Amino acid sequence: MSESSESDLKLFWGDLHFHSSLSRCFQTGCGPEGHDGSQQQCYDYARDVAGMDFAACTDHDCANEKPVLSEEDWAGIRQTAAEVNDPGRFVVFSAYEWTNVRQGHSAVYYLRDDGPLIPVNIYPLPGDLWAALRAAGQTGESVMTVPHHLARWTVANDWDWFDAEFQPVVEITSAWGNYEHWGNPYECDPNWSPSKPGHFAQDGLARGYRFGFLGGGDIHDGRAGGHAPSWQEIPLPESARNLRALRRNPLGGGITGVYARELTRESIFEAIRARRTIAATGEKTELRMWVDGTFVGGRAKAEGEQHERRQITVSAQANVPLRTIEIVRNGLTLFRERCSGTSESMEFTDEYGLAKVLPPLPGTDGAGSVYYYARVTREDDRMAWSSPIWLDF
């Protein structure tokens, strides 16, 4: 997608990962005043307080491999999503969290409200989940399975499992921490559940997988939209005071920006599948990027002079001053620019040949490739990432 053809896209913000009282780990007594923990009230908060354009409540299917959601619960989840979904104002998806304790957790999002509940206690491996979806007549056009907790030690995502049809994006940041790369300053709690090397987003990209980035809150108190976990902010009931011992992401939960043509389920879903997404911690930070005219999430074939030089354009805007804009190429921070205001645009010419600096990645479809993405850091330490752009040759 070129700069001219993406001019009709609008930036919408959402939180696609939070929990209601249907999850056993919901923190009763920590929610907003008068909040009963229902999915309806969680959506009300996401829309009316957090200012989200789209959302999905992703309650756990199982806890410790024992069923939590019943078919009755799942029917209620889909009914609530159908009733709350309001095209043009607030988009909601039927969803749940497939809670594997060995290969990682994945949020399952359906385009429509007729998708099946495929619980992990019956379908225990990612391959089982994908096979069951296909057997139920689902395709990548109708459902996405998005891994989160990428590198959290106890439930790290297993990169040996990957399905390009069902996994167009991964969750790179949440209330637990940032999962961009090993050694980043906001990894998971090192005492309670440390990060696991080899399982970060950059590790999956290094295998030649192509996926974009989402941010999700994974908040368990009913407050969607990037808010910090409530136990960092409010008096806690006696039953929840042990939560203060956990060091979660101090920047807040993650949120997702989507470049879509309109605020409908179909348009948001299509944009996520096309990886036209940005992930942000805590608060909205607008970020756009092009590589030789190819927009965020895109894929192009490098031809002619592109093998030796590529023109990269990045623009960013936030409600607080920006600190830096960085360009990442194949896991290496290739360029960094200091910022001075709340809005910044920059251009950079990558004059390192495609086979230099870091070798090309062997794509799973046989194409060699180089990927780029932008990373923005604000003066309040909050961050944003664009989904990668790939050049194949």
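Residue numbers start at 1 and run along the sequence shown. The structure displayed is predicted, hence computed values, not measured ones.
- Hydrophobic clustering (side-chain heavy atoms under 4.5 Å, transitive across Ile, Leu, Val, Met, Phe, Trp, Tyr) keeps W98 apart from L16.
- Ring centers of F211 and W159: under 6.0 Å apart, within the cut-off.
- Between Y179 and H149, the ring planes lie perpendicular to each other; the angle is over 60°, past the 30° to 60° tilted range.
- A distance below 6.0 Å separates the ring centres of Y209 and F162.
- What you find for L150 and F200 is that their closest heavy atoms are CD1-C, 4.5 Å.
- For residues 45-54, the set of pairs meeting the side chain to side chain donor-acceptor pair (under 3.5 Å) definition, not counting sequence neighbours, comprises D44-R47, Y45-H227.
- Proximity of P119 to P67: side-chain heavy atoms (C-beta onward) are nowhere separated by under 4.5 Å.
- Using a 4.5 Å heavy-atom cutoff, the side chains of V370 and R310 are not in contact.
- Criterion: ILVMFWY side-chain heavy atoms under 4.5 Å apart, direct or through other members. Under it, M52 and F93 are not part of a common hydrophobic cluster.
- Aromatic ring centres of Y373 and W385: separated by at least 6.0 Å.
- Using a 4.5 Å heavy-atom cutoff, the side chains of R261 and L9 are in contact.
- Taking the six-membered ring where tryptophan is involved, the planes of H220 and H19 are essentially parallel, since the angle between them stays under 30° and well short of 60°.
- For T277 against S387, the heavy-atom pair with the smallest separation is OG1-OG, 2.6 Å.
- The two residues S23 and D59 make their nearest non-hydrogen contact at OG-OD1, 2.6 Å.
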